[in-house]
Amino acid sequence: MSGFNKVVNSYEEAMEGLEDGMTVIAGGFGLCGIPENLIAQIKTMKTKDLTVVSNNCGVDGFGLGILLEDRQVKKMISSYVGENALFEKQLLAGELEVELTPQGTLAEKMRAGGAGIPAFYTATGYGTPVGDGKEVREFNDRKYIMEESITGDFAIVKGWKADTYGNVVYRDTAQNFNPMAATAGKITVVEVEEIVEPGELNPAEIHTPGIYVNRVIKGTFEKRIEQRTVRQG
Amino acid sequence: MALSREQIAQRIARELQDGFYVNLGIGIPTLVANYIPDGIEVMLQSENGLLGMGPFPTEDEIDADMINAGKQTVTAATGASIFSSAESFAMIRGGHVDLTVLGAFEVDVNGNIASWMIPGKLIKGMGGAMDLVAGADNIIVTMTHASKHGESKLLKECSLPLTGSGCIKKVLTDLAYMEIKDGAFHLKERAPGVSVEEIISKTEGKLVVPDEVPEMTFS
């Protein structure tokens, strides 16, 4: 690695430094735009006691769901975890902690974390169990709760294309949580479908500027579909 | 007769106005997209990060990178935009969405809504529902008026953990359309052939009934 070249050539290198007990922020919504190979690498590494921040927890046998198989996850911070039988089993058995967080609050926690904002006020969750124990402030006759931001030891991100400097573009709705996750990791690892030379991506169309990105790796992706819905053509 | 799922969707569709940005929740609210009146344009917002949701793809168009908030494969309509989840919830939380339609387990006379958690059953999460109810001014809740056992879901006070407090002003059930204000449900319309007495008997919270309650009509 030299200068701004962020490219690494193996998944071992991509996740080097991940240790037991760390916090990992993962991009993706459902199975769309998930860093599937980086997740598989965490499984291979057998890292334990992880706190994983991700909107969902994959499904049985795919995505973040595979990290449950060897009980690598201590705590999940998510907005919706309903697609996963193993998750349910471990949760009911008390083997897994879950902190359910409204989807917009979760996105904003990552965004704020990456932007150096320690906390923010939101009306979302006021008067609900989500607001329990949180500071309440009134602005313009409306009540808001304080939510603290999130940063991670690692952020794992799925992009479409990146240049070697780590500038990233996402494809369609596979963008979702990835740009916020990318800003919020001490070490941000982006896996992409294609790596290009600097100058090949339009600077005005970069979603994640390279300053946020530490490592880039090219992968191949299964891209599993959760709900295959079609109309007659 | 209680309204069918399709009739509920048809009735909600009458609330759509030309130029509206609309977020439709999972289930019956999604069906509203099938009844957008002729001659008006609306754009559907999907909270994973799509404004301008199109129809489901054909078999040839299926793309794993193109899904809606229900994780179904979709297409982008002409003029759509795609963005991050933070941007998507900035739209929602900043009050930029003109109409939000979602389901619920219970609502009460103070505009509280419970829709995400039944204690003792597995909690799957609130997804974007808390953001949607806190962020939108114009929300329609759709639900059945009473449970299968006849217990009212229109209450003095929600019994389940809340999704949002004091945020619901319009409710459409299979029996009636009501507005919520001043600590009461106000009966505005009834389903064809459903009596005011039946609606009263199935509404636990205070219900204000005008002299005339028009019947909904469906073509």
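A note on names: the letters A, B, ... follow the listed sequences, proteins ahead of strands, and every chain is numbered from 1. These numbers come from the heavy atoms of this one structure, side chains and all, not from hydrogens, waters or symmetry mates. Everything numeric here is computed off the predicted structure, so don't read it as measured data.
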- Contact origin within E47(B) toward chain A - heavy atom pairs under 4.5 Å: both

- Would you mind checking which part of N68(B) comes under 4.5 Å of any heavy atom in chain A, side chain (CB onward), backbone (N, CA, C, O), both or neither? backbone

- Polar contact flag, side-chain donor to acceptor under 3.5 angstrom, D60(B)-T58(B): no

- Query: Can E135(A) and Y121(A) be counted as having a side-chain donor-acceptor contact under 3.5 angstrom?
  - Reply: yes

Who among [options] has the most heavy-atom pairs with chain A under 4.5 Å?
options	result
C167(B), S88(B), S84(B)	S84(B)
V133(B), I67(B), D65(B)	D65(B)
A76(B), P57(B), A114(B)	P57(B)
A90(B), G164(B), A80(B), A86(B)	A86(B)
Q72(B), M117(B), E59(B)	Q72(B)
G127(B), A134(B), G125(B)	G127(B)

- Query: Do the two ring centres, one from Y144(A) and one from F139(A), sit under 6.0 Å apart?
  - Reply: yes

- Donor-acceptor contact present, side-chain R111(A) to main-chain M180(A), <3.5 Å: no

- Query: Counting N and O atoms only, with roles assigned by atom type, does the side chain of Q103(A) sit under 3.5 Å from a partner on the main chain of G128(B), one being a donor and the other an acceptor?
  - Reply: yes

For chain B, the option from [options] that forms the most heavy-atom pairs under 4.5 Å:
options	value
N178(A), T122(A), L106(A)	T122(A)
G30(A), G27(A), C32(A)	C32(A)
E88(A), E83(A), Q232(A), E108(A)	E88(A)

Heavy-atom cut-off 4.5 Å, strictly under: side chain, backbone, both or neither for [X] against chain B?
X	value
N56(A)	side chain
L31(A)	neither
T101(A)	backbone

- Can you spot which of E36(A), E193(A), E191(A) makes a salt bridge (charged side-chain N to carboxylate O under 4.0 Å, His left out) with K158(A)? E193(A)

- Query: Quick one: does K206(B)'s side chain get under 4.5 Å of K156(B)'s, heavy atoms only?
  - Reply: no

- Tightest non-hydrogen contact, residues Q41(A) and Y11(A), listed as CG-O, 3.4 Å

- Can you name the nearest heavy-atom pair linking S115(B) to A104(B), along with the distance? CB-CA, 3.7 Å

